[in-house]
Amino acid sequence: MNRRSITVCVLLAFVVLLAAGVTVDASPNPNPKKNKKKSTTDALLAQALLRQGYGFMQQQRYEEAIEKFRQADEANPGNATVDNMTGLCYLRLEQFDKALSSFDQALLKIPGFTDARNNRGTTYLALEQYRLAEVDFIAVLSDSTYPHRWKVYYNLGVTYLNRGQIGAAEENFTKAITAPTPVYEAYLRLAEIAQAQGRTDAALLLLE
């Protein structure tokens with residue numbers, strides 16, 4: 001199945017800005033108060049740049065967003081959120097290798113960064129690397145606090161559908177529609193499965 005024939009849920013929800021990764025100058029420090037002030041200033045500048053980049057993302061101006069994220073990383077290196085947001089821009093631009101690199105960097109800094117792991121799984125799915133996508137999505141679902149798990153069920157369903165595992169796909173699409181706000185695309189995929197199996201009435205009911 002062509003990977004462009006099925007909608008993939010990419011999460012672009014606002015991510016809490018992380019303040020991790022302030023660099024420390026190992027050179028002699030004749031004025032500690034001045035250096036501390038500079039570090040605080042750099043962190044505030046980085047957060048401002050990160051917000052500007054997110055604004056560009058919302059406008060689908062991904063190249064400009066990437067540049068703002070690059071500047072944020074220069075101002076205050078080590079923030080995994082910058083890597084995650086950069087990866088999302090590359091994912092939207094279909095520059096998948098760069099997206100993977102960015103998500104990998106985010107996970108190196110914070111291995112438990114669930115958003116970055118989900119986004120990496122989405123990238124693997126776009127690349128038709130289904131086994132790697134499955135591993136990431138299952139890891140995401142092990143985080144019971146993750147608020148976007150219903151969309152992860154949908155993406156996992158797409159992964160299984162592309163691998164021809166219809167039963168597993170149907171199970172995950174069904175979970176996706178039990179959300180307080182159901183994943184709309186999951187109804188379509190379930191209807192397609194029912195139609196392919198000759199269950200026309202069930203397909204019509206799902207579409208309704």
Side-chain angles (χ1 to χ4, degrees), residues 1-16 54-62 65 84-85 87-100 102-103 113-208:
M1 184 176 293
N2 190 305
R3 68 171 179 243
R4 300 185 189 281
S5 66
I6 294 180
T7 303
V8 174
C9 290
V10 179
L11 301 177
L12 289 175
F14 183 70
V15 182
V16 177
Y54 181 70
F56 283 132
M57 284 181 68
Q58 290 182 308
Q59 299 171 40
Q60 299 183 14
R61 295 161 62 181
Y62 300 118
N84 184 48
M85 303 299 262
L88 281 170
C89 289
Y90 283 128
L91 180 56
R92 286 298 194 184
L93 292 168
E94 298 189 0
Q95 297 182 28
F96 299 123
D97 288 344
K98 291 181 178 180
L100 283 177
S102 296
F103 297 137
F113 196 165
T114 308
D115 259 333
R117 190 170 300 281
N118 177 66
N119 294 331
R120 188 175 69 177
T122 303
T123 308
Y124 283 136
L125 179 54
L127 288 168
E128 300 181 359
Q129 297 183 27
Y130 301 127
R131 176 56 184 163
L132 293 173
E134 178 189 20
V135 169
D136 270 346
F137 291 144
I138 289 175
V140 170
L141 290 170
S142 70
D143 179 359
S144 60
T145 66
Y146 191 57
H148 308 297
R149 57 195 299 106
W150 312 110
K151 291 185 178 181
V152 182
Y153 282 125
Y154 172 79
N155 283 346
L156 188 55
V158 172
T159 302
Y160 288 131
L161 186 61
N162 277 284
R163 289 169 60 178
Q165 298 174 254
I166 305 302
E170 195 169 11
E171 178 184 349
N172 282 279
F173 290 143
T174 300
K175 290 178 180 178
I177 65 174
T178 62
T181 303
V183 180
Y184 171 76
E185 293 87 350
Y187 285 105
L188 300 179
R189 302 291 83 79
L190 285 168
E192 289 173 4
I193 291 171
Q195 180 67 28
Q197 294 174 341
R199 296 184 289 118
T200 305
D201 289 344
L204 290 172
L205 184 61
L206 285 161
L207 292 173
E208 289 173 359

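Keep in mind that this is a model prediction, so the values were computed, not measured.
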Look up atom [atom1] in [X] and atom [atom2] in [Y], then write down how far apart they are to the nearest 0.5 Å.
X: Gln129; Y: Arg120; atom1: CD; atom2: CZ; answer: 11.0 Å
X: Leu141; Y: Asp136; atom1: CG; atom2: CG; answer: 11.0 Å
X: Phe56; Y: Arg61; atom1: CZ; atom2: CZ; answer: 4.5 Å
X: Thr123; Y: Asn118; atom1: OG1; atom2: CG; answer: 9.5 Å
X: Tyr187; Y: Glu192; atom1: OH; atom2: CD; answer: 15.5 Å
X: Leu93; Y: Lys98; atom1: CG; atom2: NZ; answer: 9.0 Å

Original post:
Do Glu134 and Tyr160 have side-chain N/O donor and acceptor atoms under 3.5 Å apart?
Top reply: yes
I'd like to check [X] versus [Y] (side-chain heavy atoms, cut-off strictly below 4.5 Å). Are they in contact?
X: Leu132; Y: Leu125; result: no
X: Leu161; Y: Ile193; result: yes
X: Tyr153; Y: Thr174; result: no

Original post:
With Asn172, which of Leu156, Asn155, Val152 fulfils side-chain contact (heavy atoms from CB on, under 4.5 Å)?
Top reply: Leu156
**OP:** Classify the angle between the aromatic ring planes of Tyr146 and His148 as parallel (below 30°), tilted (30 to 60°) or perpendicular (above 60°).
**Re:** perpendicular
Subject >> Tyr154 and Phe173 aromatic centres sub-6.0 Å >> reply: yes
Please find the pair of heavy atoms, one from [X] and one from [Y], that lie closest to each other, and give the distance.
X: Ala176; Y: Ala186; value: CB-CB, 3.8 Å
X: Ala179; Y: Trp150; value: CB-CG, 3.2 Å
X: Ala191; Y: Ala203; value: O-CB, 3.5 Å
X: Thr159; Y: Tyr130; value: CG2-O, 3.4 Å
X: Ser144; Y: Arg149; value: CA-NH1, 3.7 Å
X: Ile177; Y: Val183; value: CG2-O, 4.0 Å

**OP:** Determine, step by step, whether Tyr124 and Leu100 satisfy the side-chain contact (heavy atoms from CB on, under 4.5 Å) criterion, reporting the C-alpha distance in whole Å, the side-chain angles of both residues, the deciding distance to 0.1 Å, and the verdict.
**Re:** CA-CA 8 Å; Tyr124 283 136; Leu100 283 177; 3.7 Å; yes
Subject >> Asn162 (side chain) donor-acceptor with Val158 (main chain) under 3.5 angstrom >> reply: yes
Original post:
Is it true that a side-chain atom of Arg117 and a backbone atom of Val140 form a donor plus acceptor pair closer than 3.5 Å?
Top reply: no
Original post:
For Gln60, which residues count as a side chain to side chain donor-acceptor pair (under 3.5 Å) partner, sequence neighbours excluded?
Top reply: none
